[in-house]
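The structure under discussion appears below in the form of structure tokens.
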Amino acid sequence: MPRKFRETKIVIASHNEGKVTEIADLLIPLGISIVTSRDINLPEPEETGTSFIENAELKARIAAKLSGLPAIADDSGLCISALGGAPGIYSARWSGENKNFDLAMERVANALLMSGQYDRKASFHCALSLGWPDGKNESVEGILTGQIIWPARGNKGFGYDPMFVPDGYTETFGEMDPNKKHAISHRAIAYDKLIKKCFQK
Ligand code: IMP
């Protein structure tokens, strides 16, 4: 049986404002009070895991241990079949020091060209982990499959959105209305799984 969240307060283990807002939007309607890593001066741990789940777990576990409160963390990225799953857990790092995603998308397009393969299958992944101060974690992963296109299209999203067309659609995430993206995304799938697993009776 998965462990249920029975507490009233949680740490959002992220220094990324965008992630904090998204996770807070999800938890506030459940009547949970929220603090962030930044609010309580928690360090940003190094992501040394070898999978999205491992990275989300280590971030949640460290924040829970240091704060004495349950903590929630996420880790996400884009996996491309013809590149053996790259950039994967290194998706943010492919954008360099300046977090330049035009550059990251160009790196992906060049790597695909160099691979000589025609396969353009890809998937966005989002791992979410809820950790408790006693070291216990509950984790889930949301995966959304699609195709890589080049040149990239649209400027509505972030990261690799302009080069990803989800299966069953013709527009890229960069062209899609954000509400439509948020309803079908890897993050929506993961959130839904975690709510069902740990926050509902
Ligand atoms: P991290 O979870 O902070 O390690 O970073 C995940 C990276 O994956 C982000 O910097 C984005 O480049 C990429 N990524 C994750 N989710 C999305 C998405 O929904 N759209 C576009 N890029 C994403």
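When a ligand or atom number is given, it counts from 1 through the structure's own listing order.
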- So which heavy atom in the protein is nearest atom 19 (O) of ligand 1, and how far is it from that ligand atom? K181 NZ, 2.8 Å
- K156 vs P178 side-chain heavy atoms within contact, under 4.5 Å: yes
- Message: Per the salt bridge (charged side-chain N to carboxylate O under 4.0 Å, His left out) rule, what does the pair list look like for residues 157-174, sequence neighbours excluded?
- Response: D161-K181, E171-K180
- Closest non-hydrogen atom pair, S129 against N137: OG-ND2, 2.7 Å
- Query: Taking the non-hydrogen atoms of K99, is any one of them nearer than 4.0 angstrom to ligand 1?
  - Reply: no
- Give the residue and atom name of whichever protein heavy atom lies nearest to atom 15 (C) of ligand 1, and the separation in Å to one decimal. S76 OG, 3.2 Å
- Message: So, 4.0 Å and heavy atoms of H125: is ligand 1 close enough to count as a contact?
- Response: no
- Note on the structure: In this structure, NE2 of H182 is separated from CG of D177 (nearest 0.5 Å) by 9.5 Å
- Query: So, for A24 and I34, which heavy atoms are closest and what is the spacing to 0.1 Å?
  - Reply: CA-CD1, 3.7 Å
- Note: ligand 1 atoms sitting under 4.0 Å from heavy atoms of A92 are 5 (O), 7 (C), 10 (O)
- Query: Between D74 and S14, is any pair of side-chain heavy atoms under 4.5 Å apart?
  - Reply: no
- Charged N-O contact under 4.0 Å between K136 and D134: no
- Message: So, 4.0 Å and heavy atoms of L78: is ligand 1 close enough to count as a contact?
- Response: no
- Just going by heavy-atom distances, which of F158, F173, F101, F164 is nearest to atom 12 (O) of ligand 1? F101
- closest protein heavy atom to atom 13 (C) of ligand 1 is Y160 CD1, 3.9 Å
- Message: Around atom NZ of K197, are there more than 12 heavy atoms from other residues, nucleotides or ligands closer than 6.0 Å?
- Response: yes
- Taking both backbone and side-chain atoms of K19, is any N or O found less than 3.5 Å from an N or O belonging to ligand 1? yes
- With a cut-off of 4.0 Å, which atoms of ligand 1 are near a heavy atom of S91? 7 (C), 8 (O)
- Item | atom 23 (C) of ligand 1 - nearest protein heavy atom and its distance | F124 CE2, 3.5 Å
- In terms of the angle between their ring planes, are F173 and H186 parallel, tilted or perpendicular, with boundaries placed at 30° and 60°? parallel
- Check whether any N or O atom of D161, backbone or side chain, sits under 3.5 Å from an N or O atom of ligand 1, and answer yes or no. yes
- Message: Give me the residue, atom name and distance of the protein heavy atom closest to atom 4 (O) of ligand 1.
- Response: D75 OD1, 3.2 Å
- Note on the structure: Counting from 1 in the order shown, the ligand 1 atoms closer than 4.0 Å to a non-hydrogen atom of E47 are 4 (O)
- Query: Salt bridge or not for E138 and R3, using N-O below 4.0 Å?
  - Reply: no
- Starting from atom 16 (N) of ligand 1, find the nearest protein heavy-atom neighbour and note its residue, name and distance. R187 NH2, 2.7 Å
- Message: Using a 4.0 Å cut-off to any heavy atom of G77, which atoms of ligand 1 qualify?
- Response: 8 (O), 15 (C)
